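Taking it in order: structure first as structure tokens, then the write-up.
None of the values given here were measured: they were computed from a predicted structure. Atom set for the values below is all heavy atoms of this structure, side chains included, hydrogens, waters and symmetry mates excluded.
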Amino acid sequence: MCSWQNSTLLSSKAPTSVLLDKENKFVDFGYKAEAKYFEWLETMDYEETDPKDVFHYFNRFKMVLHQQKINSNTTIKDQNGVQVRALDIFSLAIKYLKEHAIGSLFKSLTNVETKDIHYVLTVPAIWDDKAKLFMRKAAEKAGIKGYDLTIALEPETASIYCQELRTNRDGTSNKTFSETIKKGTKYVVVDLGGGTADITVHECLLDGSLVEVLPPSGGDWGGTAVDQAYIDLLHCVFTKVVVEEFQSDELEDYTNVLFQFEVKKRSVTSELSTDIVITLPISLVKISKKYCESVQSAIMQSAYKDLISFTAPQKLYVKPEVFRKLFKPTIDALICHVDKLLKYPILSDLLHIIMVGGFSECELVQTAMRTNFPNRKIIIPDEAGLAVLKGAVLFGHQPNKISKRILRKTYGIQTWTEWDPELHPKSKREGIDGVYRCKDIFHKFAEKGEKVDEGHSHRQIFKVLYPEKRTIERTIYISDDTNPIYVTDLSCQRLGNLIIPIPPLKKGETLEIEETLMFGGTELLFRAKNLKTGEIYENQFELF
């Protein structure tokens, strides 16, 4: 059985994998991309062909939007280290999913047209505004028009889905979770995916809507963190030079080893007492002999000499505590974070913790949560890995289900107030039409930590200072401070801008622009209105 086939046993969700040919043209997505990738590896003559000249394979690339600053030119590496623009890879993945969904709909339903379809694209709640804007740009590049798309936050959609859960597994009750809790009840949703742990706290109001109690939080404590711990283990046992040569020269076998671990780690539980057996590729055995005399010699020189053993020709026996230890840093970080959240006085009466996402199905994670929070009811729905997907469908029909959200940043724009020598530094002074003005003033629209309603907006009217120009550029700034003074403060960064056309003006004629920032939803909307012509400009938000 090919290694890619093993991965189909792991999850009902397709892996985030994209395969391109040597000319960067799309080949396939998900399991099919994996299959073709391995077929190419199996048939390739490595002495005559460089893999970089045949294909580009991208896997688990979603985390790039969490780990680094994002803009339209951000690149990600393929399996061979080749850099390709991230926007192109994400848009290809979205385009494939869009076309696959349309094809399935047209096969199962009659009288459906593409104009009847609205798309919901889910993202982690801990992603910043730039990452969300990036995903919208990728979706638009994939052929989804802006008004046909809603960006949804993953733990929010999971929370909406869990409102409909039948929480009594013994069949004595047919009530949903929302029917069994009192209005005003708070609960935590812990969404454990492949890359991130995404945590939200919601309160159910009398009208059935949900409000954020604390801002979304989390970190890179998903299942892939355990995979990285396994790679670190291989480095420790076989040495880094062996593993790097193994990866470079025997890419198919290297990937096979990782997929084998993916299967094995699903069997690791708190009670497992028998050794875990891993079949090593012959190529790894040979490279180990080259640098370490033998696999057994490499093990004996490592910190795992009493926990791992080897039987020729290819069997590696690993004590279960070694595998459990791979999970420990990730699980400990998650438990520590949830514990800190539950210590907030506002959550003193919280009783329910709902766990969703593929990694929440891990017995080690479940046991740790139940052990550390014995006074809370831990709820894990069937098919927890699909809770976000199913909740996204509900969110598409109930986009206002989350009625209040908490802002994670302070938002504002640059203004030019009259220069005051007692308040403003001389370096900020600039003369405009005979008047000294202070540049770079941060005009605050909304403050970090503020709880805002769905559709909440803040308006401000500004006078155009350079009416002779044909356009003006209005930039949105964000800050981690609650009261930044200048947009050049270290805490501030540019989020995006809106280009506003300026009509020809007569000499001495002035122009005022009403600028509106709309909050409360999953995305930020910036709108400008020309008060002279009544024209409104939006959806031209550019990403820096």
Side-chain angles (χ1 to χ4, degrees), residues 69-74 87 121 123 127-141 144-151 405 407-417 430 432 437 439-448 450 452 454-479 484 486-489 491-505 510-544:
K69 292 183 178 180
I70 297 296
N71 58 46
S72 299
N73 296 316
T74 298
L87 189 65
L121 185 59
V123 301
W127 277 9
D128 61 19
D129 291 296
K130 283 194 174 185
K132 296 173 191 175
L133 182 55
F134 177 93
M135 289 298 284
R136 177 167 285 278
K137 295 292 182 185
E140 290 174 353
K141 184 176 173 65
I144 300 176
K145 297 177 180 178
Y147 50 79
D148 287 333
L149 175 68
T150 297
I151 300 291
R405 294 183 176 88
L407 298 181
R408 297 171 61 203
K409 301 285 185 180
T410 297
Y411 296 86
I413 58 176
Q414 178 190 18
T415 59
W416 300 64
T417 61
E430 190 161 325
I432 301 175
R437 293 187 175 274
K439 64 180 181 179
D440 297 330
I441 293 289
F442 189 105
H443 178 84
K444 184 166 62 177
F445 275 103
E447 186 174 300
K448 178 181 178 180
E450 185 178 345
V452 294
E454 171 77 28
H456 171 80
S457 62
H458 182 100
R459 292 177 174 82
Q460 186 71 35
I461 296 175
F462 293 96
K463 179 181 177 181
V464 176
L465 297 178
Y466 296 98
E468 70 278 5
K469 293 185 176 181
R470 297 280 64 83
T471 63
I472 59 172
E473 181 179 300
R474 301 301 291 169
T475 302
I476 293 292
Y477 290 85
I478 55 177
S479 174
Y486 300 105
V487 298
T488 53
D489 290 351
S491 70
C492 298
Q493 59 177 302
R494 296 194 301 174
L495 175 61
N497 66 350
L498 187 68
I499 306 299
I500 306 169
I502 299 298
L505 299 175
T510 61
L511 177 63
E512 292 182 324
I513 301 292
E514 180 187 68
E515 297 176 343
T516 304
L517 210 55
M518 299 185 69
F519 303 93
T522 56
E523 296 179 273
L524 194 67
L525 176 63
F526 187 34
R527 175 183 296 157
K529 181 179 181 180
N530 185 322
L531 294 182
K532 180 179 180 65
T533 65
E535 292 178 280
I536 295 176
Y537 303 95
E538 60 181 27
N539 295 330
Q540 299 173 38
F541 213 46
E542 295 299 327
L543 181 66
F544 288 117

Worksheet item: Taking the side chain as C-beta and beyond, is there a heavy-atom pair between M518 and F526 under 4.5 Å?
Response: no

Worksheet item: Which distance, rounded to the nearest 0.5 Å, do you find between the CZ of R459 and the OG1 of T516?
Response: 4.5 Å

Practice prompt. With side chain to side chain donor-acceptor pair (under 3.5 Å) as the test, would you mind laying out the steps for E535 and N530 before giving the verdict?
Written response: CA-CA 5 Å; E535 292 178 280; N530 185 322; 4.9 Å; no

Practice prompt. Report yes or no: is the cationic atom of K469 (NZ for Lys, CZ for Arg) closer than 6.0 Å to the six-membered ring centre of Y466, at no more than 45° off its axis?
Written response: yes

Discussion item. Would you compute the distance between atom CZ of R494 and atom CD of Q414 and round it to the nearest 0.5 angstrom?
Written reply: 10.0 Å

Worksheet, complete the sentence: Heavy-atom nearest pair, I413 first then T475, reads CG2-O, 3.4 Å

Worksheet entry | Distance (rounded to the nearest 0.5 Å) between E430 CD and D440 CG | 9.0 Å

Worksheet item: Hey, does the side chain of R136 reach the backbone of G146 with a donor-acceptor pair shorter than 3.5 angstrom?
Response: yes

Discussion item. Side chains of S479 and S491: any donor to acceptor distance under 3.5 Å?
Written reply: yes

Worksheet item: Which pair of non-hydrogen atoms, one from E514 and one from L531, has the smallest distance, and what is that distance?
Response: CB-CD2, 3.9 Å

Item to complete: Apply side-chain contact (heavy atoms from CB on, under 4.5 Å) to F462 and E515, showing your working.
Response: CA-CA 8 Å; F462 293 96; E515 297 176 343; 3.4 Å; yes

Item to complete: Check whether any side-chain heavy atom of I461 lies under 4.5 Å from a side-chain heavy atom of I513, and answer yes or no.
Response: no

Worksheet entry | Pairwise side-chain contact, L87 with K141, heavy-atom cut-off 4.5 Å (strictly under) | yes

Worksheet item: Does the side-chain contact (heavy atoms from CB on, under 4.5 Å) test come out yes or no for K137 and L133, once each step is laid out?
Response: CA-CA 6 Å; K137 295 292 182 185; L133 182 55; 4.2 Å; yes

Discussion item. In the structure I gave you, are the side-chain heavy atoms of D489 and F442 within less than 4.5 Å of one another anywhere?
Written reply: no

Practice prompt. Supply the atom-to-atom distance Y486 OH to C492 SG, rounded to the nearest 0.5 angstrom.
Written response: 12.0 Å

Worksheet entry | Derivation of the side-chain contact (heavy atoms from CB on, under 4.5 Å) call for K448 and L407 | CA-CA 5 Å; K448 178 181 178 180; L407 298 181; 5.8 Å; no

Fill in: Nearest heavy atoms of P503 and T533, plus distance in Å
CG-CG2, 4.4 Å

Discussion item. Testing the basics here: between I441 and V487, what is the closest heavy-atom pair and its distance to 0.1 Å?
Written reply: O-CG1, 4.0 Å

Worksheet item: Checking side chain to side chain donor-acceptor pair (under 3.5 Å) for the pair D129/Y411: CA distance, chi angles, key distance, verdict?
Response: CA-CA 11 Å; D129 291 296; Y411 296 86; 2.6 Å; yes

Worksheet entry | Stepwise side-chain contact (heavy atoms from CB on, under 4.5 Å) test for T150 and L121 | CA-CA 6 Å; T150 297; L121 185 59; over 6 Å; no

Worksheet item: Got a sec, which residues hit salt bridge (Lys or Arg N to Asp or Glu O under 4.0 Å) with R437, two or more places apart in sequence or on another chain?
Response: none

Discussion item. Please find the pair of heavy atoms, one from I499 and one from P501, that lie closest to each other, and give the distance.
Written reply: O-CD, 3.8 Å

Practice prompt. Return the minimal non-hydrogen interatomic distance between Y537 and L498, and the atom names on each side.
Written response: O-CD2, 3.6 Å

Fill in: Other residues, nucleotides, ligands: >12 heavy atoms within 6.0 Å of K444 NZ
yes

Discussion item. Side chains of P484 and T410, heavy atoms from C-beta outward: is any pair under 4.5 Å?
Written reply: yes

Worksheet item: Any sub-3.5 Å donor-acceptor pair from H458's side-chain atoms to F445's backbone N or O?
Response: yes

Worksheet item: Which distance, rounded to the nearest 0.5 Å, do you find between the NZ of K463 and the OG1 of T510?
Response: 5.5 Å

Worksheet item: What is the distance from atom OG1 of T471 to atom CD1 of I502, rounded to the nearest 0.5 Å?
Response: 7.5 Å

Worksheet, complete the sentence: Residue set satisfying side-chain hydrogen bond (donor to acceptor under 3.5 Å, both in side chains) with Y477, at least two apart, ordered chain then number -> none

